[in-house]
*Asks:* 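Here it is, the structure, as structure tokens.
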Amino acid sequence: MTIRKKPEEFRSHRWFGVKDLRSFGHRSRTLQMGFSHEEFMGKPVIGIINTWSEVNPCHLHLRNRAEAVKRAVWANGGFPVEIPVMSVSEQYQKPTTMLYRNFLAMETEESIRSHPVDGVVLLGGCDKSTPALVMGACSAGLPFVFVPAGPMLRGNWAGKVLGSGADVWKYWAEKEAGNITEEQWQDMESGIARSYGTCMVMGTAATMMSHAEILGLTLPGASAIPAADAAHPRMAAMAGKRAVEMVFEDLTPNKILTRKSFENALVLHMAMAGSTNAIIHLVAMAGRAGVELSMADFDAYSRKVPVIANIRPSGEYLMEDFFYAGGLPALMKQLESLLHTDAMTISGQPLKATIDRAVVYNEEVIRPLSRPVSTANGLAVLTGNLAPGGCVIKPSAAEARLQKHTGPALAFETYEDMLKAVNDENLDVTPDHIMVLKNAGPVGGPGMPEWGMLPLPRKLLKQGVRDMLRISDARMSGTSYGACILHVAPEAYIKGPLAAVQTGDLISVDVEARSIHLHLSDEEITRRLRAWTPPERDYPRGFGKMYAEHTKQANEGCDFDFLEGTAKVKEPDIH
């Protein structure tokens, strides 16, 4: 390790090392907590930003992982301090954790900047926590290591291997069709989530943890370690050790995150058919790093990178199998010819060092480029008069017959209207209809909830239909599947063209041509938008009001207009 910084150059020296009245107060209060001068004076202070919470089963183990980090920080000459932040619990937090991603990003940035820390270890992994923590830490600008929460163990029910999320949607459809009994459905509850950790399919959590690794922000191989595996606390401890070293090396995020890093993330995303949510998050993360990333970039890579990670919902296996097959380093080895292997990582070595050590143990789980799971695009960006700013679909998780289709719209102004309709067995609907949900975008949601995988009408389920085209300005869970067109921009609530759609209007979708078209003239769309009024949304105060006034659209990453970019913030005055 190259030592460059001296203790008097540490950021925390301003709090603890100066001989004045204010520093006397800082030192005396640290002594108040039971520490001695020898334990913190002249040591790099490592902040542990922890999203642990008892209302987040994905992060239930992170309280213990913080102790592993501390153990290693102490052993390697640092002084660890744990700082709790919002957990953004995907399961329980309403109306949607996406509403609070920017809240956590702000809290992370301000927690780092306002406290006497020299480097940071970030503990997270549930969907929005990874991008939020990374966004905030990038803006704070100090050396940091991300510790992914890791996937939970495989699910099991009636001798079948279950994947959380993906199989929930699958078996719910069977229950609604009358093929699964209520007793069987209830029995499944106890087997689908068997340990702490994130969803074990290639949902948003696994996607974003994988992106953090290929961006160079985790230790090699960290993203796929199952949360319950003994390797996980060992990884956390190594992260604490590495954070201390990074402070001495002054290895800050601006030295790691470059255009090359994000191009690597785009290659990875397509190869693993990652969650559609990653588009929003990667654009926002890139913006904080000063890298321009657009919808066009995603589409360009989707055309040239096949799906080779055989993981649900686009494939057959689960994240535990992916880990045993070699994890992300093995996948990167298969992708080596497409990657910028000279991109730097927090290990202090380029990506190539990780790839050179990687081994692919199971080529059914991690396929070679010559034998992909699917040549279908892992993601496609469509544009047209219905979505001038673009919208997205995951073709590899949709029925092929729906990827070039024209049909009449079945339009809903609100999610509640849609739910009522799909449960009506007399609903006037056919498999050729295209369901359209409005007012579920960043402002209209509020927060762009995961409503995009609209439930199929019960009438069609009983006829054996398992997929149909669905269009919305919402997101969907990364564990979802089907012919769902999402993130329509601009959203309906701010009078994007989606707001003009009425039941019976013809819509054409052509995934290969990357087009989406509402069969109305521009003049008719304009006329309808003038006459249209969005549903009431009440933001009288607080964070909801701030979000509605400052969030950007989906194609722009949904960051706040006053948070994006790399403008430096003055260090706090500690006097």
Side-chain angles (χ1 to χ4, degrees), residues 47-60 62-63 65-66 82-115 117 120-142 144-149 198 203-205 207-209 211-212 215 217-218 253 275 277-278 280-289 442 445-450 475 477-478 542-552 554 557-565 569:
I48 302 169
I49 305 295
N50 196 351
T51 55
W52 171 86
S53 167
E54 287 187 339
V55 290
N56 191 340
C58 299
H59 293 179
L60 201 58
L62 295 186
R63 180 76 281 287
R65 296 300 178 266
E82 187 175 355
I83 304 171
V85 291
M86 181 184 278
S87 189
V88 286
S89 169
E90 200 66 32
Q91 293 77 22
Y92 303 115
Q93 200 160 10
K94 306 300 178 185
T96 168
T97 53
M98 186 62 191
L99 182 66
Y100 297 104
R101 185 201 68 180
N102 293 350
F103 186 104
L104 176 56
M106 292 175 69
E107 188 178 17
T108 299
E109 177 180 352
E110 300 303 332
S111 293
I112 294 171
R113 183 178 292 114
S114 63
H115 288 105
V117 297
V120 184
V121 176
L122 308 170
L123 304 184
C126 189
D127 294 15
K128 314 308 177 298
S129 64
T130 300
L133 291 168
V134 170
M135 288 162 66
C138 280
S139 294
L142 299 184
F144 74 83
V145 182
F146 180 71
V147 173
T198 68
T204 305
T207 298
M208 296 315 302
M209 290 188 290
H211 280 311
L215 286 170
L217 304 177
T218 78
S275 165
N277 287 315
I280 299 172
H281 300 319
L282 273 176
V283 169
M285 291 160 66
R288 297 295 187 98
M448 208 179 177
E450 292 183 343
R475 297 176 302 112
S477 168
F543 186 73
K545 183 176 178 63
M546 179 191 294
Y547 191 97
E549 291 177 353
H550 293 285
T551 189
K552 304 194 79 172
C558 294
D559 203 355
F560 287 167
D561 52 17
F562 62 85
L563 289 177
E564 62 181 359
V569 176

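Along the sequence shown, residues carry numbers from 1. Just so we're clear, the structure is a prediction, and the values are computed from it rather than from any experiment.
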*Asks:* Sequence neighbours excluded, which residues qualify as side chain to side chain contact (heavy atoms under 4.5 Å, CB included) partners of L142?
*Replies:*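 Checked L142 against side chain to side chain contact (heavy atoms under 4.5 Å, CB included); matches are R11, I112, V117.
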*Asks:* In chain order, what residues pass the side-chain hydrogen bond (donor to acceptor under 3.5 Å, both in side chains) check against Q93, with sequence neighbours excluded?
*Replies:* none
*Asks:* Kindly write out the residues that satisfy side chain to side chain contact (heavy atoms under 4.5 Å, CB included) with A278, not counting sequence neighbours, or none if the list is empty.
*Replies:* T207, M208, H211, H269
*Asks:* For Y92 versus P57, what's the shortest heavy-atom pair and its separation?
*Replies:*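 Answer, listing the atom of Y92 first, then P57: CE1-CD, 3.8 Å.
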*Asks:* Considering only residues two or more places apart or on different chains, which pairs with a residue in residues 84-94 satisfy salt bridge (Lys or Arg N to Asp or Glu O under 4.0 Å)?
*Replies:*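 Of all non-adjacent pairs touching residues 84-94, those that pass salt bridge (Lys or Arg N to Asp or Glu O under 4.0 Å) are E90-K128.
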*Asks:* Can you name the ring pair (Phe, Tyr, Trp, His ring centres under 6.0 Å) partners of H115, sequence neighbours left out?
*Replies:*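 Per chain and number, H115 pairs via ring pair (Phe, Tyr, Trp, His ring centres under 6.0 Å) with no residue.
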*Asks:* Sequence neighbours left out, what passes salt bridge (Lys or Arg N to Asp or Glu O under 4.0 Å) with E564? Give chain and number order.
*Replies:* K552
*Asks:* Report the distance from atom CE of M106 to atom CG of L563, rounding to the nearest 0.5 Å.
*Replies:*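 The distance works out to 5.5 Å.
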*Asks:* Would you check if the side chain of T551 reaches a backbone N or O of Y547 as a donor-acceptor pair within less than 3.5 Å?
*Replies:* no
*Asks:* Would you give the length of the straight line joining atom CG of L217 to atom CE of M209, rounded to the nearest 0.5 angstrom?
*Replies:*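 L217 atom CG to M209 atom CE measures 14.0 Å (nearest 0.5 Å).
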*Asks:* Go through the structure and list residues passing ring pair (Phe, Tyr, Trp, His ring centres under 6.0 Å) with F543, not counting sequence neighbours.
*Replies:*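 Result, ring pair (Phe, Tyr, Trp, His ring centres under 6.0 Å) vs F543: Y100, F103, F560.
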*Asks:* Measure the spacing between CG of D127 and CZ of R101 and express it to the nearest 0.5 Å.
*Replies:*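 One finds 12.0 Å between CG of D127 and CZ of R101.
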*Asks:* How long is the straight-line distance from CZ of R65 back to CG of N50, given to the nearest 0.5 Å?
*Replies:* 11.0 Å
*Asks:* Holding to side chain to side chain contact (heavy atoms under 4.5 Å, CB included), I want the full list of residues that pass it with T96, two or more places apart in sequence or in another chain.
*Replies:*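 So T96 forms a side chain to side chain contact (heavy atoms under 4.5 Å, CB included) with M98, L99, P449, R475.
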*Asks:* Would you please name every residue forming a side-chain hydrogen bond (donor to acceptor under 3.5 Å, both in side chains) with S87, sequence neighbours left out?
*Replies:*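 Result, side-chain hydrogen bond (donor to acceptor under 3.5 Å, both in side chains) vs S87: N56.
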*Asks:* Would you give the length of the straight line joining atom CD of E110 to atom OG of S139, rounded to the nearest 0.5 angstrom?
*Replies:* 9.5 Å
*Asks:* Could you pull out all residues at least two apart from T204 that satisfy side-chain hydrogen bond (donor to acceptor under 3.5 Å, both in side chains)?
*Replies:* S275, N277
*Asks:* According to salt bridge (Lys or Arg N to Asp or Glu O under 4.0 Å), who are the partners of R288, at least two apart in sequence or on a separate chain?
*Replies:*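 R288: salt bridge (Lys or Arg N to Asp or Glu O under 4.0 Å) contacts with E109, D559.
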*Asks:* Set out, in order, the CA-CA distance, both residues' side-chain angles and the distance that settles side chain to side chain contact (heavy atoms under 4.5 Å, CB included) for D561 and E549, then state yes or no.
*Replies:* CA-CA 9 Å; D561 52 17; E549 291 177 353; over 6 Å; no
